[in-house]
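Heads up, the thing below is written out as structure tokens.
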Amino acid sequence: MTYAAQDDAVGSVTARVPAKVNLQLSVGPLRDDGYHDLVTLFHAVSLFDEVTVTGAERTSVVVSGEGGPAVPLGPANLAVRAAAALARATGRRGKGAGGVKIEIRKRIPVAAGLAGGSADAAAALVACNELWRTGLSNAELSEIAAQVGSDVPFALIGGTAVGLGRGERLTRALVSGSYHWVLAFGATGLATPDVFAACDRLRAARVAKDGEAHAVPAPRLSNKLMAALRSGDPAAVGPLLTNDLQPAALSLQPLLRRALQAGKEHGALGAIVSGSGPTCAFLAADADAARDLAVAITGAGVCRAVVQVSGPAPGASVVESGALT
Ligand code: C5P
């Protein structure tokens, strides 16, 4: 699909974008295309990256902040892919037509299960959309986002949303109140494909052990969790948090068990690996309880760093625009 874009836009646009945790992550069987069908409940939290795009002859990337040196600077960078996908879709062709300098200021750790790379892609999309004045609708941007990565469409909308398919088919979820979290970052990252592959291996091993074939059931949304979120009661939500990738993440990083245990011992209402990990997310009753929990988990020495966040947070949005035509 090709969309019309206004040419000759120069200037700079900055977008801010949140991290996510998964309140439910149910993983179906491996599909023929290498992905797994999911039912997930995405929840954006107040840990934000910022991406500034500036019109340039050639595309380049500069990354600073949390985990910056681990971020690829070439075509493997998801923000670069997002800008290129938008340029293609809007017909920006020819020398310099789709070039942007992309500056990423990271607070979301890399390979952490918080969709930081996907967040940067979403921010780049929103920022380039403004810079180039493409006038694309949210639905059109979401379609391009889904080509870049399964979690990118959610980073565009933020809030709390049910994700189906690869996670790219979204429906907003009704949630009352706000939720206070402590995120505990791991010492080393986990690559998402490795965690999904470990999940498949664990399932295959279980089948071999039981000596009979168990079809992986189709994932289903937890109605109990949805009702708890509507009630706005974190004490009801905490015990209902689930993540099918957690055993896989724990098999790859067994020390994460200690972090989860420490959170529970210090009063977390829910303790879960976030997405493909290794970040652990702990739900607290309120902001004060989250602060106490953050202090206790830091003191337990079970992780590299701890942050206190709240959700639902808004999706990718322009915070500064100097677009000129
Ligand atoms: O879509 P994205 O590029 O972010 O996915 C990264 C990897 O995570 C995929 O290549 C695949 O190995 C795994 N994945 C999956 N099923 C999904 C989403 C991601 O197996 N629904």
Considering all heavy atoms, the nearest R172-G159 contact: NH1-CA, 4.3 Å

Which pair of heavy atoms, one from N22 and one from I272, lies closest together, and at what distance? O-CD1, 4.5 Å

Hey, does V273 have a side-chain heavy atom less than 4.5 Å from the side chain of L245? no

Are M226 and L41 packed together at the side-chain level, in the sense that at least one heavy-atom pair is separated by less than 4.5 angstrom? yes

Within this structure, what is the CG-CZ distance for the pair D194 and R201, rounded to the nearest 0.5 Å? 8.0 Å

Over all heavy atoms of both residues, which pair between V148 and A121 is shortest? Give the atoms and the distance, please. CG1-CB, 4.0 Å

Considering only heavy atoms from C-beta outward, does the side chain of V152 approach that of E168 to under 4.5 Å? no

Test side-chain contact (heavy atoms from CB on, under 4.5 Å) applied to L25 and T242, step by step: CA-CA 6 Å; L25 178 48; T242 58; over 6 Å; no

Starting from V21, can I reach V307 by hopping between I/L/V/M/F/W/Y residues whose side chains sit under 4.5 Å apart? yes

Looking at G28, is its backbone amide N or carbonyl O close enough to the side chain of D37 to form a donor-acceptor pair, meaning the two atoms are under 3.5 Å apart? no

Would you please classify the geometry between the Y179 ring and the H43 ring as parallel, tilted or perpendicular, with 30° and 60° separating the classes? perpendicular

Beyond-backbone contact of V51 with T14, side-chain heavy atoms, under 4.5 angstrom: no

Flag yes if more than 12 heavy atoms outside E320 fall under 6.0 Å of its CD atom; otherwise flag no. no

Can you tell me if S142 uses its side chain to pair, donor with acceptor, with the backbone of A139 under 3.5 Å? no

Do I297 and C303 make a side-chain contact, defined as non-hydrogen atoms from C-beta onward lying under 4.5 Å apart? yes

Criterion side-chain contact (heavy atoms from CB on, under 4.5 Å) on K101 and V62, from CA distance to verdict: CA-CA 8 Å; K101 179 181 179 196; V62 186; 4.1 Å; yes

Straight-line distance of I157 CD1 to S317 OG, nearest 0.5 Å: 13.5 Å

D286, CG atom: more than 12 neighbouring heavy atoms under 6.0 Å: yes

Is it the case that the side chain of S46 and the backbone of S310 share a donor-acceptor pair, with hydrogens and angles ignored and the cut-off at 3.5 Å? yes

Within the structure provided, determine whether L73 and V63 are in side-chain contact (heavy-atom separation under 4.5 Å). yes

Check: L240 and Q24 side chains under 4.5 Å, non-hydrogen atoms: no

State yes or no: do L293 and L241 share one hydrophobic cluster built from I, L, V, M, F, W and Y residues joined by side-chain heavy-atom distances below 4.5 Å, directly or via other members? no

Flag for S321-E130: side-chain donor and acceptor within less than 3.5 Å: yes

Salt bridge (Lys or Arg N to Asp or Glu O under 4.0 Å) between R105 and D49, intermediate numbers included: CA-CA 6 Å; R105 288 178 293 285; D49 278 0; over 6 Å; no

Can a donor-acceptor pair be found, under 3.5 Å and without considering hydrogens, that links the side chain of R166 to the backbone of A146? yes

So, D244 and R203, do they make that salt bridge, N to O below 4.0 Å? yes

Point-to-point distance, once rounded to the nearest 0.5 Å, from CZ of R304 to OG1 of T298: 12.5 Å

Looking at F48, does the NZ or CZ of R16 lie under 6.0 angstrom from its six-membered ring centre and within 45 degrees of the ring axis? yes

Rounding to 0.5 Å, atoms NZ (K264) and SG (C280) come to a distance of 9.5 Å

Rounded to the nearest 0.5 Å, what's the gap from OG1 on T52 to CD1 on I104? Could you check? 10.0 Å

Are V162 and L170 close enough, and set up right, to give a side-chain contact (heavy atoms from CB on, under 4.5 Å), and what steps lead you there? CA-CA 6 Å; V162 177; L170 299 171; over 6 Å; no

If you group Ile, Leu, Val, Met, Phe, Trp and Tyr by side-chain heavy-atom gaps below 4.5 Å, do V126 and V17 land in one group? no

When you measure from the side chain of S222 to the backbone of L225, do you find a donor-acceptor pair of N or O atoms at a distance under 3.5 Å? yes

Is the backbone N or O of R230 less than 3.5 Å from a side-chain atom of S176, with the two atoms forming a donor-acceptor pair by type? yes

Find out whether F42 and D151 are in side-chain contact, i.e. whether some heavy atom of one side chain is under 4.5 Å from a heavy atom of the other. yes

Indicate if L164 and L23 have the same hydrophobic cluster label, given that clusters are the connected sets of ILVMFWY residues with side-chain heavy-atom separations under 4.5 angstrom. yes

Determine whether the side chains of S276 and T192 contain a donor N or O and an acceptor N or O closer than 3.5 Å. yes

What is the minimum heavy-atom distance between P109 and A112, and which atoms define it? O-CB, 3.7 Å

State yes or no: do F196 and L78 share one hydrophobic cluster built from I, L, V, M, F, W and Y residues joined by side-chain heavy-atom distances below 4.5 Å, directly or via other members? no

If only atom types and distance count, is the side chain of E140 paired as donor or acceptor with the main-chain N or O of S137 below 3.5 Å? yes

V306 and L183: CA distance, side-chain angles, deciding distance, side-chain contact (heavy atoms from CB on, under 4.5 Å) verdict: CA-CA 6 Å; V306 162; L183 303 180; over 6 Å; no

Using a strict 4.0 Å threshold on nitrogen-to-oxygen distance, state whether D120 and K106 make a salt bridge. yes

Minimum heavy-atom distance R220-S26, with the two atoms named: O-OG, 4.1 Å

Would you give the length of the straight line joining atom CG of L221 to atom OG1 of T40, rounded to the nearest 0.5 angstrom? 9.5 Å

Scan side-chain atoms only and decide if D200 and H36 contain a donor-acceptor pair under the 3.5 Å cut-off. yes

Which heavy atom of E66 sits nearest to which heavy atom of R107, and what is that distance? CG-O, 3.7 Å

